[in-house]
S.K.: 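Dumping the structure here so I can ask a few things about it.
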Amino acid sequence: MNSKETITAQFSGASILSTPVGWILMIGILGVSFLLFKFLGIIGGALLLGLPISLVVLSIIWNNPKLGVWGNIIIAFFGAGIARYVPGPWGLLVDILLALSWLSVILNKKVNPNWKYLRNPIAILYTAWMLFLVFEIVNPSGNGLIAWFYAMRGIGFYQALTIPLIFLFFREEEDLEKFIRLLIYFSLIGTIWGFKQQILGTDAAEDHWLYAEEHHEEHVLHGVLRVFSFYSDAGSFGASQAMMSLMCAIMFMGPYKGIKKFKYLVFAVIFLLGFAISGTRGALAVPLAGGIAYLILIKNFRILVAGFSGMILVFVILKYTFMFQGVEQVRRMRTALDPENKSLSVRLENQKTFARYLASRPFGGGIGTAGFWGARFNPDSLMANTATDSWFVKIWAETGPVGLTFHLVILGFTLGYGGHKIMSMRSEKHRTQASALYAMFAGAILASYGNQVLIQMPTGIILNFAIPFIFLIAERDQKEWLKSVKKASKLKK
């Protein structure tokens with residue numbers, strides 16, 4: 001079948017509607033749509049109008065589950081921004097796309113994945129983490145099944161669905177290249193939109209979000225806007241821009257030449273500026289931890305010393321001098337290093353409160369009891385009224401010391417095993433690509449000590465791709481090396 005025939009088949013829906021499963025799915029969608037129209041009136045009618053689009057999307061993903069996974073990148077970047085202009089449960093599209101992809105994998109015999117690719121410790125560990133979260137449903141301190149469903153999605157559900165799909169279907173180098181291009185292009189759009197807010201100001205929808213929805217207290221400080229672009233908030237924007245700047249800087253130092261090398265340098269600077277206008281202090285940890293991780297991976301003593309010297313210089317300037325104090329973004333970052341900072345003392349007090357509460361709860365207070373979901377489903381509880389701030393405090397509060405230990409083991413194993421794989425690579429190009437993704441992951445982990453970076457969009461979805469890609473690059477590097485060894489041995493003979 002040529003490419004034209006393939007596209008026609010995907011959009012016609014012929015493949016899926018020719019199977020009993022396809023008809024069952026279509027009838028189910030029609031039934032749900034009828035109920036939506038009957039019980040939700042105009043809203044249901046609007047959803048009903050989306051039925052043809054849903055059928056087309058279903059057909060496309062049925063034939064190519066990879067497209068459903070790629071769709072997650074789009075929703076992760078633009079979902080929060082779209083919601084400001086067109087209110088709706090845009091975040092649930094991630095769940096829907098992943099669910100449709102898995103339906104295709106399981107029910108469509110033509111997809112026929114090679115399940116042996118999932119016999120690796122990374123896929124197994126992240127699946128085991130999701131199973132632990134399922135066990136948390138029976139936690140007697142929890143807020144019920146609905147709260148658990150909403151809260152567990154970012155904590156483990158998306159990882160458990162995405163990581164295996166990457167191992168199954170994103171095994172070619174072209175997939176990695178496409179992933180990197182999408183990250184750069186979408187992040188660049190975010191930077192441009194951010195500078196639009198910085199220079200021209202926010203529009204009506206953004207003003208409504210800032211003031212009517214009461215987000216101005218953390219985004220307008222002393223009359224200065226903390227730029228959030230079309231991301232969920234300034235913290236998410238800043239962390240994502242810092243990750244992208246780090247990734248592009250590492251790619252710039254790779255074995256690329258000419259215009260491609262120059263592009264990576266330009267992108268690194270642009271994203272660094274995007275990070276700066278966000279005024280996000282916690283995201284400072286991204287280039288710090290990611291940079292240290294990269295310097296360790298390359299095992300180059302001269303660059304390692306120079307890199308540490310540069311980091312120490314930046315630390316000294318921020319900590320012990322008033323250089324660049326006239327720049328608002330620098331002043332805000334400088335407060336992150338102040339031990340007398342009030343927000344730090346409040347966080348420490350909150351952690352003491354959690355420690356007392358969790359003393360008799362080894363499995364925590366339950367998924368969905370802290371933070372936003374706790375406030376929504378049980379607003380008068382201690383868990384809901386004690387800010388978690390840190391990702392690790394959130395995991396500790398909701399899953400207890402048992403869950404936090406398990407989670408740290410998974411993160412530590414991913415870092416250790418991934419670092420070992422990268423150091424064993426023979427291709428400089430492969431090592432650069434994997435190191436860039438690894439540094440992003442390491443930086444996000446440290447940044448999550450102060451903020452919930454690992455659950456934010458688009459950072460969380462990006463890392464769900466980056467983690468398996470690190471090990472797929474290592475696998476490709478090994479195969480190419482063995483192939484070159486065999487070729488060399490034949491030439492000798």
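All values reported here derive from a predicted model rather than from experimental measurement. All values below come from the heavy atoms of this structure, side chains included, with hydrogens, waters and symmetry mates left out.
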S.K.: With a cut-off of under 6.0 Å to the ring centre and 45° to the axis, is Arg361 in cation-pi contact with Tyr357?
M.R.: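 Checked: cation-pi criterion met.
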
S.K.: With a 4.5 Å heavy-atom cut-off, do Arg426 and Arg431 have their side chains touching?
M.R.: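 Answer no - side chains too far apart.
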
S.K.: What donor-acceptor contacts under 3.5 angstrom involve side-chain atoms of residues 451-471, with partners at least two apart or in another chain?
M.R.:
| from | atom 1 | to | atom 2 | distance (Å) |
| --- | --- | --- | --- | --- |
| Gln452 | NE2 | Thr388 | OG1 | 2.9 |
| Asn464 | ND2 | Gly460 | O | 3.4 |

S.K.: Can the ring centres of Tyr85 and Trp209 be said to be less than 6.0 Å apart?
M.R.: no

S.K.: Could you tell me whether Glu217 atom CD has more than 12 heavy atoms of other residues or ligands within 6.0 Å of it?
M.R.: no

S.K.: Tell me, do Trp396 and Ser390 make a side-chain contact under 4.5 Å, heavy atoms counted?
M.R.: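 When only atoms from C-beta onward are counted, Ser390 and Trp396 do not touch, as no gap falls below 4.5 Å.
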
S.K.: Using side-chain heavy atoms (C-beta onward) and a distance below 4.5 Å, is Leu183 in contact with Met243?
M.R.: no

S.K.: Return yes if some donor-acceptor pair links the side-chain N/O of Ser427 with the main-chain N/O of Asp477 below 3.5 Å, else return no.
M.R.: no

S.K.: Got Phe186 and Phe78 here, is their nearest side-chain heavy-atom distance under 4.5 Å?
M.R.: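 They are in contact (side-chain heavy atoms under 4.5 Å apart), so the answer is yes.
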
S.K.: Taking side chain as C-beta onward, heavy atoms only, is Asp175 less than 4.5 Å from Lys66?
M.R.: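 Side-chain contact under 4.5 Å: yes.
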
S.K.: Does atom CD (Glu177) have a neighbourhood of more than 12 heavy atoms from anything else shown, all under 6.0 Å?
M.R.: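 Atom CD in Glu177 is crowded, with more than 12 foreign heavy atoms closer than 6.0 Å.
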
S.K.: Working to the nearest 0.5 Å, report the span between CD1 of Ile298 and OG1 of Thr432.
M.R.: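 That separation rounds to 9.5 Å.
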
S.K.: Relative to each other, are the rings of Phe135 and Phe132 parallel, tilted or perpendicular (30° and 60° limits)?
M.R.: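 Because their plane-to-plane angle lies in the 30° to 60° range, the rings of Phe135 and Phe132 count as tilted.
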
S.K.: Which pairs with one or both residues in residues 77-106 pass salt bridge (charged side-chain N to carboxylate O under 4.0 Å, His left out), sequence neighbours excluded?
M.R.: Asp95-Arg153

S.K.: Do other residues, nucleotides or ligands put more than 12 heavy atoms under 6.0 Å from the CZ atom of Phe406?
M.R.: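 Yes, CZ of Phe406 has more than 12 neighbouring heavy atoms, counting only those of other groups under 6.0 Å.
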
S.K.: Does the Glu213 side chain pair with the main chain of His208, one donor and one acceptor, at a distance under 3.5 Å?
M.R.: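 Not at all, since once roles are kept as given, no pair shorter than 3.5 Å links the two residues.
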
S.K.: Under 3.5 Å, side chain of Arg226 to main-chain N/O of Ser278, donor-acceptor pair present?
M.R.: yes

S.K.: Okay, side chain of Thr280, backbone of Ala234: is any donor-acceptor separation there less than 3.5 Å?
M.R.: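 Present.
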
S.K.: Would you say Leu97 and Ile61 make side-chain contact, with heavy atoms under 4.5 Å?
M.R.: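 Heavy-atom side-chain distance check passes, below 4.5 Å.
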
S.K.: Of the options Val227, Val286, Leu284, which is the one that meets Phe275 in a side-chain contact (heavy atoms from CB on, under 4.5 Å)?
M.R.: Leu284

S.K.: Answer whether the closest heavy-atom distance between the side chains of Phe271 and Leu246 falls below 4.5 Å.
M.R.: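 Heavy-atom side-chain distance check fails, nothing below 4.5 Å.
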
S.K.: Would a distance-only check, ignoring hydrogens and angles, find a side-chain to backbone donor-acceptor pair under 3.5 Å from Gln351 to Val393?
M.R.: no

S.K.: After noting the C-alpha distance and the side-chain angles of Phe149 and Trp373, does the key distance pass the ring pair (Phe, Tyr, Trp, His ring centres under 6.0 Å) rule?
M.R.: CA-CA 10 Å; Phe149 170 78; Trp373 299 114; 9.2 Å; no

S.K.: Starting from the C-alpha separation in whole Å, work towards a yes-or-no answer on side-chain contact (heavy atoms from CB on, under 4.5 Å) for Met383 and Asn378.
M.R.: CA-CA 9 Å; Met383 292 282 285; Asn378 193 1; over 6 Å; no

S.K.: Looking at His219 and Leu210, would you say the former's side chain and the latter's main chain have a donor-acceptor pair under 3.5 Å?
M.R.: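 A pair under 3.5 Å: no.
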
S.K.: Using a 3.5 Å distance criterion without hydrogens, assess whether the side chain of Asp233 forms a donor-acceptor pair with backbone atoms of Phe228.
M.R.: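 Checked: no pair found.
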
S.K.: Around atom CD1 of Ile106, are there more than 12 heavy atoms of other residues, nucleotides or ligands at under 6.0 Å?
M.R.: yes

S.K.: Between the main-chain N or O of Leu161 and the side-chain N or O of Trp102, is there a donor-acceptor pair closer than 3.5 Å?
M.R.: yes

S.K.: Pairs in or reaching into residues 454-476: which pass salt bridge (charged side-chain N to carboxylate O under 4.0 Å, His left out), with residues at least two apart or in two chains?
M.R.: Arg171-Glu475, Glu475-Lys479

S.K.: Can any side-chain N or O of Gln241 pair as donor or acceptor with the backbone N or O of Ser187 at less than 3.5 Å?
M.R.: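 It does hold such a pair.
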
S.K.: Ignoring hydrogens and angles, tell me if any N or O in the side chain of Thr414 forms a donor-acceptor pair with the backbone of Ile410 under 3.5 Å.
M.R.: yes

S.K.: State, yes or no, whether a side-chain contact exists between Trp129 and Ile155 at a heavy-atom distance under 4.5 Å.
M.R.: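 In short, these two side chains touch, coming nearer than 4.5 Å.
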
S.K.: Would you tell me whether Trp193 and Glu206 have side-chain atoms, one donor and one acceptor, within less than 3.5 Å of each other?
M.R.: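 Side chains of Trp193 and Glu206: pair found under 3.5 Å.
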
